[in-house]
Number of protein chains: 2
Amino acid sequence: MSDTRQRLIEAALEVLRERGLSGLSARTIAAAADANQALIFYHFKTVEGLIEDACRVTVDAAVAAHRDRFATAETLGDLLAVGREIHATELAAGRVTISAQVLAGARSSEVLARAGKHALDTWIAEIEPALARVLRGTPIAEIADLPGLARAIAASFIGLELYEAVDASGSASALDALERLGILADVVTDLGPVARAAFRRRLRSKS
Amino acid sequence: MSDTRQRLIEAALEVLRERGLSGLSARTIAAAADANQALIFYHFKTVEGLIEDACRVTVDAAVAAHRDRFATAETLGDLLAVGREIHATELAAGRVTISAQVLAGARSSEVLARAGKHALDTWIAEIEPALARVLRGTPIAEIADLPGLARAIAASFIGLELYEAVDASGSASALDALERLGILADVVTDLGPVARAAFRRRLRSKS
DNA sequence: GTCTATAGAGGGATAGAC
DNA sequence: GTCTATCCCTCTATAGAC
């Protein structure tokens with residue numbers, strides 16, 4: 001992979017992070033990469049082609065980098081801690097912003113829709129088995145729809161990222177609240193046999 | 001309020017819904033409103049000014065229209081049913097899309113950031129007291145951070161909307177999963193005294 | 001692979017007639 | 001309030017020299 005190509009990808013991500021999709025153009029990317037504008041079209045055919053490639057590269061690399069951490073989680077408490085850690089890393093690196101911006105552009109571009117779907121699908125493919133593993137044998141696994149839950153979690157982080165951009169303190173308190181709710185789920189997975197039986201009975205009568 | 005002004009607002013919302021933020025311009029709005037382009041600047045000074053006004057008007061109207069339904073919810077189960085209903089209405093009307101697009105534009109425009117924040121704040125102001133009312137006296141209220149939880153819910157719906165645009169069936173399964181998780185929360189709020197005491201003890205030892 | 005130059009479309013915004 | 005006409009800018013993308 002040529003050096004310029006790599007620099008253009010990094011520049012595209014940088015602009016997307018800092019100025020959003022509407023601040024992104026062949027000109028702004030080329031300026032950030034300190035490269036000639038025409039090279040974008042030489043290397044990627046179109047600006048959207050560059051965004052798609054850049055999005056794919058970062059998401060794949062980010063998920064691969066966290067794969068080992070996901071695998072260490074054995075309980076729901078572990079997984080919540082891992083999730084918190086990964087979220088902090090990804091947010092600080094601005095990679096959630098990139099996914100959010102690409103997803104927002106999905107309405108006007110099939111290419112961006114494909115890239116945004118790939119980003120979410122890639123994360124979901126990690127979250128879902130981890131969730132299944134830590135919930136196996138708990139009362140939550142009996143009622144929860146795990147594939148759907150993994151999807152809800154991935155999508156929610158995108159929403160929280162957009163919220164963060166307009167209200168950082170509100171977004172922080174939302175994350176704290178989810179963390180505390182995780183403690184509650186942890187309690188349910190960890191009930192003693194008597195309480196657990198009562199819980200199960202209630203659950204059956206409801207669903 | 002002049003007729004043209006009103007038509008421009010509706011046209012702006014229509015374009016935002018159907019073509020997203022990047023498909024929005026003075027020209028596309030004017031075409032959709034069947035009005036002269038220059039009138040946008042006469043009535044709203046700038047295109048962003050129009051978007052801000054349009055966003056404010058819809059969000060305020062939508063929240064006001066649902067206020068009575070929120071007030072009817074007395075239990076968590078009620079509130080979940082109301083939430084599901086409101087979400088379906090808002091999604092079908094395309095109003096969640098509008099908020100999502102405006103929020104995505106927040107990174108490149110202070111005006112859009114203000115409008116997006118207003119949209120979320122307005123919804124949160126309805127969700128938070130309703131949540132507090134239905135959870136009063138339940139074990140969940142002891143552990144949950146209600147203001148943060150209300151914020152997390154509002155933000156998550158934005159994320160789910162963006163997900164919906166790229167994967168409708170995935171998004172549907174995510175919503176189903178959250179609904180099922182709501183049943184679980186409902187069970188916790190509704191435990192008998194013995195199970196409840198056991199649950200409380202567990203909760204204290206964790207937090 | 002990299003550059004300059006430019007075509008050609010579309011963007012925001014304004015001046016000024018009516 | 002509404003219209004036409006227009007300025008000037010930025011955009012994607014390509015042609016063609018090096």
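Residue numbering restarts at 1 for every chain, and letters A, B, ... go by the order of the sequence lines. The shown structure was predicted, so the numbers you read here are calculated from the model rather than taken from an experiment.
By the 4.0 Å N-to-carboxylate-O rule, Arg5(A) lies close enough to Asp53(A) to be salt-bridged with it. Between Arg95(A) and Glu161(A) there is no salt bridge, since no side-chain N of the basic residue sits under 4.0 Å from a carboxylate O of the acidic one. Look at Arg151(B) and Glu128(B) and you find a salt bridge, because one of the NZ, NE, NH1 or NH2 atoms lies within 4.0 Å of a carboxylate O, short of that distance. No salt bridge links Glu110(B) with Arg114(B); every basic N to acidic carboxylate O contact stays at or beyond 4.0 Å. Comment: Lys117(B) engages Asp167(A) in a salt bridge, judged by a side-chain N to carboxylate O separation of less than 4.0 angstrom.
The nearest whole Å value for the distance from the CG atom in Leu50(B) to the C1' atom in dA13(C) is 14 Å. Between Glu48(A) atom CD and dA13(D) atom P there is a gap of 8 Å when expressed in whole angstrom units. Nucleotide dG16(C) holds its C1' atom 17 Å from the CZ atom of Phe41(B), rounded to whole Å. One interatomic measurement links the two molecules: OH of Tyr42(B) to P of dA15(C), which rounds to 15 Å at whole-angstrom precision. For the pair Arg5(A) CZ and dT2(C) C1', the computed distance is 16 Å after rounding to whole Å. Rounded to whole angstrom, the span from the CZ atom of Arg19(B) across to the C1' atom of dG10(C) amounts to 12 Å. In this structure, the CD atom of Gln6(B) is 13 Å from the P atom of dT2(D), given to the nearest Å. The interatomic distance linking Asp3(A) (CG) with dG1(C) (P) rounds to 11 Å, in whole Å.
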Below 3.5 Å between N/O atoms, which protein atoms pair up with nucleotides 3-5 of chain D? Just atom names and distances, please.
from: dT4(D); atom 1: OP2; to: Asn36(B); atom 2: ND2; distance (Å): 3.2

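In terms of phosphate contacts, Ser25(B) brings no side-chain nitrogen or oxygen within less than 4.0 Å of OP1 or OP2 of dG10(C). Close to dG12(C), at under 4.0 Å from its OP1 or OP2, lies no side-chain N or O of Thr46(B).
To the nearest 0.5 Å, atoms CD1 (Ile9(B)) and CD1 (Ile40(B)) are separated by 11.5 Å. Atoms CG and CZ, on Leu131(A) and Arg136(A) in that order, are 11.5 Å from each other to the nearest 0.5 Å.
Applying the ring pair (Phe, Tyr, Trp, His ring centres under 6.0 Å) rule to pairs touching residues 150-188 of chain B yields His87(B)-Phe157(B), sequence neighbours excluded.
When each of dA13(D), dG1(C), dG12(C) is scored by its nearest atom to the side-chain atoms of Val47(A), the top-ranked nucleotide is dA13(D). Residue His43(A) has its side chain nearest to dT2(C) when only dC11(D), dT2(C), dG1(D) are considered.
A donor-acceptor contact under 3.5 angstrom links the side-chain atoms of Arg27(B) to the base of dG11(C).
The end-to-end axis angle of the helix from dG1(C)-dC18(D) to dC18(C)-dG1(D), rounded to 10 degrees and based on five pairs per end, is 0°.
A donor atom on one side chain and an acceptor atom on the other are found under 3.5 Å apart for His66(A) and Glu90(A).
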